[in-house]
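Okay, structure first, notes after.
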Amino acid sequence: MAAAERDRSEQGRRDPVTGPADRLALNGMGSFEWDLSAGTLTLDESGLVVFDLEREEFDGTPEGLGLRIPADDGVRLAESTSAALEGGAETYGSYFTVQRRDGVDQWTHTQGRILRDADGQAVRIVGIVRDATAELAHATILRKLESARAQQATIVQRTTEALSRAVTVDDVTATLTGAGALERLGADGLALGLVENGTIKIIALSGESLEILSERRFTRLDGSLPLSQAVLTRKARFVTSLTDLAGEFPLLADYLNRIRFDAAAYLPLIAQAKAIGGLVLFYRRRTEFSPEERNLCLGLAGIVAQSLQRALLFDQEREFATSLQASMLPRRIPEISGGEIAVRYHSAWSGREVGGDWYDVIALPRDRVGIVVGDVQGHDTHAAAVMGQLRIALRAYAGEGHAPSTVLARASRFLAELDTERFATCMYAQVDLETGGVRAVRAGHLGPLIRHTDGRTGWPNVRGGLPLGLASVFEQEDFPETRLDLVPGETLVLCTDGLVEEPGTAITQGMEALAHAVRSGPQEAGALADHLSDRLWERWGSGDDVALLVLRRAPDPGTHRAPRIHQYIHQADPEGLSEARYALRQALRDWGVPDLADDVELAAGELLVNALLHTDGGAVLTMEVLPEPVRRIRLWVKDRSSVWPRRRTPGEAATTGRGLLLVDALATHWGVESRGDGKAVWCEFDVAGSVRSTGDRLV
């Protein structure tokens with residue numbers, strides 16, 4: 001029996017029995033009891049340890065804890081307790097700091113239960129206090145990790161979103177170096193290189209002081225630099241001290257002394273198991289790369305690599321498409337006499353979606369020239385192939401000397417017989433630059449725009465037929481001709497719809513914009529073509545290809561001693577007559593014979609009205625000074641009618657028929673002459689007296 005008791009006693013010493021206070025103390029906790037009525041606070045020994053108080057230091061009141069609890073935390077703790085007491089709560093809890101005697105701030109947590117009497121009045125609070133420093137430190141680490149992960153996820157998301165809109169290599173570099181790009185990547189500097197013929201070509205630099213690296217824009221892919229080494233080995237390298245690289249890479253030593261960064265990540269760009277380039281991310285005030293930061297850099301490199309690979313393929317396809325398109329357009333434009341021609345072509349920025357737009361200039365018999373712009377349906381290589389065949393066929397038909405209507409009818413039949421379902425729109429005109437005569441036809445295409453010598457622009461009414469191909473399918477190969485006159489100095493503009501169409505807007509807005517650009521543009525054909533390309537093609541964007549042709553008839557101002565003006569008056573232009581009269585009056589003033597303005601203006605008005613009322617088309621007005629032996633003003637009004645005017649003798653009540661009588665009375669001489677496919681009515685005015693009265697300016 002005694003032996004058994006000794007065994008139990010020894011077992012008790014090996015496994016001591018712990019009470020509630022011991023268990024709390026072993027876990028860094030203490031207990032307290034707060035008598036609200038008496039205002040006393042009792043702490044056990046473990047509670048005193050939590051507050052780092054000696055028994056003799058503590059006066060047994062809540063205020064006594066102020067020795068260790070900062071004032072701000074004390075106020076916050078008191079407010080939390082009061083809110084629980086007044087709100088009828090049964091428990092409460094709060095975190096606060098305890099300033100230990102060694103100066104260390106200790107995070108502390110208290111949790112109490114409120115005991116109330118039968119009336120619900122709080123009488124005591126019983127609770128625990130504990131050291132929560134380790135707990136909050138762990139939570140702080142977790143919060144930092146979560147914040148870092150959220151930041152990294154944001155970097156990846158924003159970078160992916162930005163690069164998803166990049167189509168070309170230039171788009172990728174602009175995305176990586178534009179405003180806010182470095183902030184989006186979480187870096188302070190960037191260098192991007194592409195592998196090209198055994199070298200790394202730096203295509204993008206961003207960040208303060210990195211411009212000096214442009215001196216080594218091309219470097220051999222031999223591992224002599226950290227970026228080329230990363231590309232060759234396909235392994236990323238993270239450097240926390242750039243100066244340490246000088247010994248390993250002597251070629252970089254001079255640059256390391258001049259760039260203002262401390263750390264860098266050298267990342268290979270791998271796409272489809274092939275190293276296509278390298279990316280360097282530079283950082284300031286960084287001493288390490290955590291595993292999460294390394295994974296972030298590798299993820300960014302993967303995103304950039306995929307974007308670059310996609311952009312490289314796009315650029316290659318685009319180069320192929322534009323080369324194919326260019327090979328099917330005329331290699332040279334024939335020289336013409338009596339005018340100038342300029343052509344421009346812009347392909348759409350849609351990868352291999354090459355368009356079917358084209359232009360052509362064809363030398364014709366009898367010193368005429370054929371001009372054409374057209375557009376085959378679709379945006380692919382098949383459209384380009386059809387365009388090439390159609391352009392050659394139309395050129396052949398025109399070169400044989402056929403009338404414009406016949407040229408389009410045969411071209412339509414040719415397209416319908418091809419093994420294709422495509423149709424094409426076309427605008428074709430034969431121009432005689434010596435006389436200014438234009439025979440225009442169109443097949444479902446935009447008509448021409450004319451800029452007159454006074455700067456006005458207009459869209460003449462050119463009758464049209466169905467698009468080429470469809471016209472033959474529906475057996476409506478009728479392409480009526482429209483006769484136009486291009487006076488010296490006037491400009492004819494032909495284009496495809498890509499120059500005047502903008503998605504979401506009416507084509508009339510684009511036509512108005514084109515007319516305005518032509519009015520405000522330079523006189524020379526080449527300069528005007530560049531002006532239109534810059535102003536409109538870039539304005540609308542690059543969703544469609546554009547063919548543009550500008551033809552200008554050479555101006556004919558005459559000479560200093562025999563000046564000359566030309567003007568075309570459209571039949572449907574209500575302001576044309578008044579503008580013509582103003583031009584005549586201004587010219588006579590400039591030539592020093594303003595006294596003749598009234599007579600010349602009246603005669604010109606009568607001749608123009610006759611031409612516009614009694615012929616089918618407009619009229620060309622020419623006024624010139626005839627040279628010696630007799631100085632005089634000659635006025636011409638040319639139209640396309642072969643019917644000659646005749647002078648009548650109207651009765652007193654007649655309202656018409658006096659035009660030629662007025663001309664005969666005002667002019668010194670007048671007459672009618674045949675002119676090509678029409679006639680010209682002319683009249684002359686003696687200027688001898690007027691010249692003497694205005695200072696003899698014409699001598």
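- Under the salt bridge (charged side-chain N to carboxylate O under 4.0 Å, His left out) criterion, Glu673 pairs with Arg675, sequence neighbours left out.
- Distance check: Glu501 CD to Leu514 CG gives 12.5 Å after rounding to the nearest 0.5 Å.
- Nearest heavy atom pair, residue Ala429 against residue Val438, reads CB-CG1, 4.0 Å.
- For the side chain to side chain donor-acceptor pair (under 3.5 Å) condition, the pairs that include at least one residue of residues 516-529, sequence neighbours left out, are Thr457-Arg519.
- Counting all heavy atoms, side chain and backbone alike, Ala580 lies closest to Leu621 at CB-CD2, 4.0 Å.
- Thr453 places none of its side-chain heavy atoms less than 4.5 Å from the side chain of Ile565.
- Scanning both residues, Gln567 and Ala583, for their nearest heavy atoms gives OE1-CB, 3.3 Å.
- With sequence neighbours left out, Trp682 forms a side-chain hydrogen bond (donor to acceptor under 3.5 Å, both in side chains) with no residue at all.
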Given the rule in the side chain to side chain donor-acceptor pair (under 3.5 Å) test, do Asp556 and His566 qualify, once you have shown the distances and angles that lead to the verdict? CA-CA 8 Å; Asp556 179 23; His566 301 274; 3.0 Å; yes
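- In this structure, the side chain of Arg451 engages the main chain of Val518 through a donor-acceptor pair within 3.5 Å.
- Between Ile450 and Pro460 the shortest side-chain heavy-atom distance falls below 4.5 Å.
- By the 4.5 Å heavy-atom criterion applied to side chains, Thr173 and Leu192 are counted as neighbours.
- Residues that satisfy the side-chain hydrogen bond (donor to acceptor under 3.5 Å, both in side chains) test with Asp599, not counting sequence neighbours, are absent from this structure.
- Heavy atoms only, all atoms of each residue included: Glu490 and Asp485 are closest at OE1-O, 3.6 Å.
- Between Val369 and Val361, the closest side-chain pair of non-hydrogen atoms falls below 4.5 Å.
- Formation of a donor-acceptor pair under 3.5 Å by the Ser472 side chain with backbone atoms of Gly469 is not found in this model.
- Residue Leu449 comes nearest to Gly458 through the heavy atom pair CD1-O, 3.2 Å, listed as atom of the first residue, atom of the second, then distance.
- Contacts classified as salt bridge (Lys or Arg N to Asp or Glu O under 4.0 Å) and involving residues 420-435 (residues at least two apart or in different chains) are given here: Asp380-Arg422.
- A salt bridge links Arg632 with Glu684: at least one charged nitrogen is closer than 4.0 Å to a carboxylate oxygen.
- Among residues two or more places apart in sequence or in another chain, the side-chain hydrogen bond (donor to acceptor under 3.5 Å, both in side chains) test is passed with Thr420 by His382.
- Applying side-chain contact (heavy atoms from CB on, under 4.5 Å) to Leu612 and the options Ile569, Val637, Asp639 leaves one that passes, Ile569.
- Looking only at distances, no side-chain donor or acceptor of Arg640 sits under 3.5 Å from a matching main-chain atom of Gly678.
- Remark: Arg391 pairs with Asp360 by the side-chain hydrogen bond (donor to acceptor under 3.5 Å, both in side chains) rule, at least two apart or across chains.
- Applying the salt bridge (charged side-chain N to carboxylate O under 4.0 Å, His left out) rule to Glu400 yields the partners Arg410; only residues at least two apart in sequence or on another chain are considered.
- Side-chain contact annotation: Asp315 with Thr168, donor-acceptor N/O pair under 3.5 Å absent.
- Under the 4.0 Å criterion applied to side-chain N and carboxylate O atoms, Glu624 and Arg634 are not assigned as salt-bridge partners.
- Here Trp670 contributes atom CH2 and Leu607 contributes atom CG; the two are 9.0 Å apart, rounded to the nearest 0.5 Å.
- Within the model, atoms CG of Leu433 and CG of Leu551 stand 5.5 Å from one another, a figure rounded to the nearest 0.5 Å.
- Electrostatic pairing of Asp171 and Arg165 does not count as a salt bridge here, judged by no charged N lying under 4.0 Å from a carboxylate O.
- Arg456 is linked by a salt bridge (charged side-chain N to carboxylate O under 4.0 Å, His left out) to Asp454, Asp573, Glu579, counting only residues two or more places apart in sequence or in another chain.
- Between atom OG1 of residue Thr496 and atom OH of residue Tyr359 there is a gap of 12.0 Å, rounded to the nearest 0.5 Å.
- For residues 361-375, the set of pairs meeting the side chain to side chain donor-acceptor pair (under 3.5 Å) definition, not counting sequence neighbours, comprises Arg368-Gln430.
- Remark: Leu584 CG to Met623 CE distance equals 4.5 Å, nearest 0.5 Å.
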Side chain to side chain donor-acceptor pair (under 3.5 Å) assessment of Gln586 paired with Asp590: CA-CA 6 Å; Gln586 184 65 40; Asp590 294 340; 3.3 Å; yes
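- Taking the side chain as every heavy atom from C-beta outward, Ile362 and Leu364 approach each other to under 4.5 Å.
- Considering only residues two or more places apart in sequence or on other chains, Glu601 meets the salt bridge (charged side-chain N to carboxylate O under 4.0 Å, His left out) condition with Arg581, Arg585.
- Screening residues 436-472 for ring-ring contact (aromatic ring centres under 6.0 Å, His included), with sequence neighbours left out, gives His452-His570.
- By the 4.5 Å heavy-atom criterion applied to side chains, Val546 and Tyr345 are not counted as neighbours.
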Glu477 vs Ser412, test: side chain to side chain donor-acceptor pair (under 3.5 Å). Steps then yes/no. CA-CA 8 Å; Glu477 297 176 348; Ser412 177; 4.9 Å; no
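- In this structure, CZ in Arg463 is found 13.5 Å from CZ in Phe479, a value given to the nearest 0.5 Å.
- Two residues are said to be in side-chain contact when any heavy atoms from C-beta on lie closer than 4.5 Å; Leu446 and Asp497 fail this criterion.
- At distances below 3.5 Å, not a single donor-acceptor pair connects side-chain atoms of Thr177 with backbone N or O atoms of Ala204.
- When all heavy atoms are compared, the tightest approach of Met427 to Gly447 is SD-CA, 4.3 Å.
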